[in-house]
Amino acid sequence: MTRKTRPVSWIRAALKEFETFPEGSRSICLAALTIAAEGGKADIAKPMRGLGSGVFEIALPFRGDAFRVVYAVQLADEIWVVHAFQKKSTQGIKTPQREIDLIKDRLKRLKEMLR
């Protein structure tokens, strides 16, 4: 039995942010999202701790910058991209707290919307 590919939906603000990424980094992230839509997990995707199960972060080092795309797999029948950002912090791999807060807020609003 073949698993059907789930649609990938974007929170509008996340898509706007994503569109500012360099071309090459976008295509790599889109490939990772396609793997997620097919029920898999790309090598560059990892679960985001502290945000509940089913929330993943695509972490892409690209030409000296770090790009992040956060998506949720357990909302409705779709994969939802809730946030995309360029990580500018030099404090190692930790995601900045304001980004975490933004992701939590968007997940909460999305869950309410999808009810």
Discussion item. To the nearest 0.5 Å, what is the distance between CE on M48 and CG on L51?
Written reply: 5.0 Å
Item to complete: Provide the closest heavy-atom pair for V8 versus A37 in the form atom of the first, atom of the second, distance.
Response: CG2-CB, 3.9 Å
Fill in: Validation row: V73, W80 side chains within 4.5 angstrom (heavy atoms)
no
Practice prompt. With rounding to the nearest 0.5 Å, note down the distance linking NZ in K87 to CD in E99.
Written response: 9.5 Å
Worksheet item: Between L107 and I100, is there a shared hydrophobic cluster once you connect ILVMFWY residues whose side-chain heavy atoms come closer than 4.5 Å?
Response: yes
Discussion item. Is it the case that over 12 heavy atoms from other parts of the model lie below 6.0 angstrom from the CG atom of D101?
Written reply: yes
Discussion item. I'd like to know whether I11 forms a side-chain contact (heavy atoms from CB on, under 4.5 Å) with V81, so could you lay out the CA-CA distance, the side-chain angles of the two residues, the decisive distance to 0.1 Å, and finally the verdict.
Written reply: CA-CA 6 Å; I11 287 183; V81 179; over 6 Å; no
Worksheet item: Where do K41 and F56 land on the side-chain contact (heavy atoms from CB on, under 4.5 Å) test, with the steps shown first?
Response: CA-CA 9 Å; K41 185 180 83 59; F56 292 85; 3.6 Å; yes
Fill in: Spatial distance of atom NZ (K108) from atom CE (M113) [nearest 0.5 Å]
14.5 Å
Worksheet item: Does any N or O in the side chain of K111 come within less than 3.5 Å of the main-chain N or O of R115, such that one atom is a donor and the other an acceptor?
Response: no
Worksheet item: Is it the case that R106 and H83 place a side-chain donor and acceptor less than 3.5 Å from each other?
Response: yes
Worksheet entry | Minimum heavy-atom distance between A42 and I35, given as atom pair plus value | N-CG2, 3.7 Å
Worksheet item: Looking only at heavy atoms, what is the nearest atom pair of E17 and T20, with distance?
Response: O-OG1, 2.6 Å
Discussion item. With a 3.5 Å distance limit and no angle check, can you tell me whether S25 reaches the backbone of F21 through a side-chain donor-acceptor pair?
Written reply: no
Worksheet item: Rounded to the nearest 0.5 Å, how far does CD1 of I103 lie from CG of L110?
Response: 13.0 Å
Worksheet item: Nearest heavy-atom pair of K46 and A59: which atoms, and what distance?
Response: NZ-CB, 3.8 Å
Fill in: Gap between atom CG of L60 and atom CD of Q86 - 0.5 Å precision
10.5 Å
Discussion item. Are the side chains of I58 and Y71 in contact, using a 4.5 Å heavy-atom criterion?
Written reply: yes
Practice prompt. Indicate, with yes or no, if L15 and V70 share a hydrophobic cluster defined by side-chain heavy-atom contacts under 4.5 Å among Ile, Leu, Val, Met, Phe, Trp and Tyr.
Written response: no
Worksheet item: Out of curiosity, does L30 fall in the hydrophobic cluster containing V69 (side-chain heavy atoms, cut-off under 4.5 Å, transitive links)?
Response: yes
Item to complete: Please answer: with hydrophobic residues joined when any side-chain heavy atoms are less than 4.5 Å apart, are F85 and I28 in the same cluster?
Response: no
Fill in: Pairing of E78 and R6 as salt bridge, 4.0 angstrom limit
no
Fill in: NZ/NE/NH1/NH2 to OD/OE distance under 4.0 Å, E23 and R26
yes
Worksheet, complete the sentence: Rounded to the nearest 0.5 Å, the CZ atom of F18 sits from the CZ atom of F67 at a distance of 10.0 Å
